[in-house]
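Residue numbering restarts at 1 for every chain, and letters A, B, ... go by the order of the sequence lines. Here the structure is a predicted model, which is why all the values come from computation and not from measurement.
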Amino acid sequence: MTKKLLLIDGNSLAFRAFYAMYNQLDRMISHKGLHTNALVAFNNFLDQIVDPMQPDLAVVAWDAASGKETFRGELFPEYKDGRSKTPSEFKEQFPYLREMVALHGLRNYEQAGLEADDIIGTFSRLGEQAGYSVTIVTGDQDLIQLATDKITVNVTKKGVTEIERYTPEYIMEKFNLTPLQIIDKKALTGDTSDNYPGVTKVGEKTALKLLAEFHDIDNLYTHVDDMKQSKLKENLINDRESAFRARELATIMTDSILALPLEEIEYRGIDYDNLVTLYEVLDFKKQLSKIKALQKSGQISGSQTLIEKNVNVVTLQDDNLQAVAMLGDKLALHIEMAGPNYHTDDMIGFVIGSPGTGYYGSRDVTLLQKPELKSVIENAAIVKNVFNVKAQLILLKRLGVALKGAKFDFLLISYLLDTTDNDNELSTLAQRFDLYVAPDEDIYGKGAKFEVPADDARVLAHLAHKADVLMQVEQLAFDALQAHEQTHLYTEIELPLAHVLADMEYQGIKIDQERLHDIGDDLESRIHAIEDAVYLEAGEKFNINSPKQLGVLLFEKMGLPVIKRTKTGYSTAVDVLEKLAPQAPIVAHILQYRQLAKLNSTYVAGLLAVVHEQDSKIHTRFLQTLTQTGRLSSVDPNLQNIPMRTAEGRQIRTAFVPSHPNWQIFGADYSQIELRVLAHMTGDKNMQKAFLNGEDIHAETARAVFGLASDAPVDALMRRTAKAVNFGIVYGISDFGLANNLGISRDEAKRFIDTYFKEFPQIHAWMSQIKETAHEQGFVETIAKRRRYLPEISSKNFNLRSFAERTAMNSPIQGSAADIIKIAMIKVADALRDNNMQARMLLQVHDELIFEAPVDEVPELTELVTSVMDSAVVLDVPMRVESHSGNTWYDAK
DNA sequence: GCGTTCACG
DNA sequence: ACGTACGTGAACGCT
């Protein structure tokens with residue numbers, strides 16, 4: 001079989017790759033901030049075109065410099081002038097492109113004084129003479145002049161993987177020219193991108209016509225005087241010199257002297273081990289999983305051990321537990337769970353140890369209760385590195401062990417460093433620091449297929465790898481934290497908060513299940529009645545819960561007007577149905593059905609399903625490393641969205657009760673915390689004055705935007721409007737959003753905003769400033785230096801950019817409010833303990849804290865919680881805290 | 001697994 | 001011209 005030589009035009013393909021994925025530029029950024037769009041596209045090209053071809057020889061040719069330093073620059077000083085500068089987002093990818101090429105087994109080559117074209121031209125002739133079948137791949141059509149029977153030129157069409165194949169026959173068919181005549185065509189037309197002229201007014205069409213008649217420019221100019229008089233003839237004669245120069249510039253050299261002999265460009269095949277490392281740096285997740293799949297199925301050599309560093313682990317048993325006492329004062333500890341819910345899920349095993357002293361572990365977590373281990377875990381002087389300290393605290397509480405000395409939580413720190421793309425997985429987060437550990441999915445599978453391997457050694461090895469990463473990454477992570485000035489945020493806020501949250505979750509909140517059942521029974525009978533009414537009005541049975549079926553009924557069968565559409569069909573959301581309600585009685589029934597069905601399925605059935613039978617309590621999990629702003633979130637179940645706004649829904653709160661007789665539920669909430677944070681951060685004197693004077697802030701805002709006197713009465717509509725504007729400001733105002741919310745025109749909304757900014761000029765200035773800051777440094781910060789990155793603030797896409805701008809305005813406000821309540825929680829927890837109170841903090845709902853306490857402790861609790869909360873952080877405006885207590889959560893209002 | 005809807009701050 | 005208010009979680013229908 002004929003041997004194959006592959007020649008790739010690196011610059012032109014990389015350039016194509018960059019622009020093929022230009023619209024993805026803002027999305028494709030590695031954890032290190034490197035743009036990867038060209039790398040992704042180039043890698044696709046290598047995978048799809050090069051790897052399957054398996055050439056014998058292969059080289060990727062690169063331009064040595066701008067092209068000025070070649071014979072072309074000497075011949076024509078303006079050569080390639082006027083080219084726009086290479087974008088920095090492209091340039092930064094160059095070194096990685098070359099590495100990627102090398103790891104795919106191809107030789108990179110450049111040579112001073114030559115452009116990539118000339119290297120390819122010369123190699124192609126050398127290869128042809130040596131009997132190779134030569135394939136050229138380029139993004140530049142000029143190279144088709146090189147085509148011969150043995151040399152095929154592939155030019156990318158759109159993207160990088162779609163290709164047009166130029167053989168001499170195809171060129172003849174397409175242009176009616178031989179490959180060499182392509183040069184003559186270029187001589188006549190010139191090249192705008194390389195900035196050299198041909199003959200004035202001659203474009204592709206005229207050039208092809210002339211060449212059809214005269215074959216080449218030598219012959220053309222021999223006969224030019226015979227042509228009949230025309231503007232074209234005049235131009236040809238005037239631009240003769242320019243045409244011959246253009247021919248020289250367009251001619252690709254095929255006889256350069258290359259420093260690299262043909263024998264040394266042997267194709268080496270893919271270096272999987274090192275390619276994996278590169279893909280990890282670039283965050284090429286799909287490619288990584290592809291390689292792993294290939295390795296697993298044995299299709300490629302190189303095993304898991306080549307990727308994962310080898311870590312030894314000793315299995316602990318009853319007779320070697322004393323080894324743990326020798327581990328020293330610094331170690332990693334990790335208990336593995338069979339699922340995300342550390343309150344209920346099984347524990348798979350544990351590992352403990354350090355690189356210096358080795359790792360010890362077992363599948364039997366009850367060993368952790370043995371004195372040898374318990375004493376180490378409960379010794380605060382023995383410093384532990386963990387992943388998710390809150391989970392570890394609770395798992396150990398379940399075993400009756402109190403974790404102390406956990407100073408390094410890799411999950412918490414990773415979250416503080418960068419909230420984006422945090423999947424809460426050790427393996428993923430380790431990659432940010434170029435450390436590798438197999439993803440849990442590789443060991444256990446996922447979803448329904450989750451299964452702990454029968455081979456204990458395999459499980460323990462995985463755990464030991466995790467522990468080892470926790471030790472390796474510590475210094476790097478702490479350094480990064482320091483560089484972000486976030487050490488205080490971590491050690492004084494998030495880490496102590498994790499302990500507070502662990503106590504709250506473990507404590508849980510008591511549920512009156514009977515009460516919940518009664519509410520459910522009542523709801524069900526009412527739901528059935530409404531269902532019957534709906535079916536009667538519809539004239540048929542259908543699934544009211546299906547927006548699709550409901551849409552067909554309302555908008556097709558009943559012919560109601562379509563007010564809003566979703567991606568997939570008609571919208572049947574509340575605001576739409578409310579507009580339709582006057583036109584058909586069924587709509588009001590559907591709204592009522594929706595409300596009751598939601599209450600029943602989410603809040604009655606949903607809550608009953610997660611009550612722990614042993615203590616009749618609900619133990620939520622507060623996710624501390626999820627939100628982009630620093631707020632907590634609550635899952636399994638979500639106790640941060642228990643109904644409140646409607647009388648019906650609010651009844652659910654009657655089922656949340658104290659866990660002891662003669663105890664009460666107590667709630668304390670910050671009043672207007674986000675607007676106070678806004679007044680503080682922006683330094684706006686007018687808004688600060690309103691808070692300092694203890695005014696009703698929305699009424700005061702109404703007076704400002706409606707131009708009323710300071711003692712003038714404010715009617716309800718004005719106050720409502722002002723309140724919406726205040727909300728809008730906090731969300732990152734836009735006239736469109738405000739207009740939509742208030743049901744007014746965009747112009748009116750814009751006038752409100754303009755007046756607002758005139759009345760509160762420093763808020764206006766801050767909004768502009770924060771967007772600028774976000775643009776310049778790529779992130780915004782809260783008062784506690786919590787960070788949110790906003791790469792899309794520089795996007796060319798209006799939507800993405802606008803979203804980032806609103807986020808830049810909202811996140812510091814929402815996030816600072818989150819900082820404040822977190823600080824308050826830590827101080828409240830300390831105060832409860834220091835004062836030997838029986839009261840327990842149970843829940844946090846963004847700006848409020850919920851407690852249970854003995855009735856006679858409530859007055860003291862009120863005083864303590866209120867004073868701690870309103871002095872948690874000192875701002876330029878006062879904080880105000882309101883509190884309530886009662887026999888159930890419903891009554892604590 | 002994604003889209004829609006609706007519960008909260 | 002572009003076309004959205006910020007941050008969440010759960011249930012359900014549908015593919």
Contact boundaries on DNA chain C for chain A, cut-off under 4.0 Å to non-hydrogen atoms: C:dC2 to C:dT15
Touch class at under 4.0 angstrom, heavy-atom based, for A:Asn797 against every strand present: nothing
Geometric class of the A:His612/A:His343 ring pair [parallel <30°, tilted 30-60°, perpendicular >60°]: perpendicular
Where protein sits on nucleotides 4-9 of chain B, one letter per nucleotide: B base, S sugar-phosphate only, - none, heavy atoms under 4.0 Å: SSBBBB
Chi angles and distances behind the ring pair (Phe, Tyr, Trp, His ring centres under 6.0 Å) call for A:Tyr756, A:Phe760: CA-CA 6 Å; A:Tyr756 188 102; A:Phe760 304 107; 4.8 Å; yes
DNA chain C contacts made by residues 785-793 of chain A, counting heavy atoms under 4.0 Å: A:Arg788
P atoms of B:dC6 and C:dA1, separation to the nearest Å: 35 Å
Stems where DNA chain C pairs, listed by first number, each of three or more Watson-Crick or G-U pairs under 3.5 Å: B:1-9 with C:6-14
Ion pair A:Arg526/A:Asp522, N-O distance below 4.0 Å: yes
Set of ring-ring contact (aromatic ring centres under 6.0 Å, His included) partners for A:Tyr415, sequence neighbours left out: none
A:Arg631 versus A:Gln624, side-chain donor and acceptor atoms under 3.5 Å: no
A:Arg621 to A:Tyr342, cation-pi by 6.0 Å centre distance and 45° axis angle: yes
Partners passing side chain to side chain contact (heavy atoms under 4.5 Å, CB included) against A:Leu800 (at least two apart in sequence or in another chain): A:Arg27, A:Glu792, A:Ser795, A:Asn797
Gap in Å between the two P atoms, one belonging to B:dT5 and one to C:dA5, rounded: 13 Å
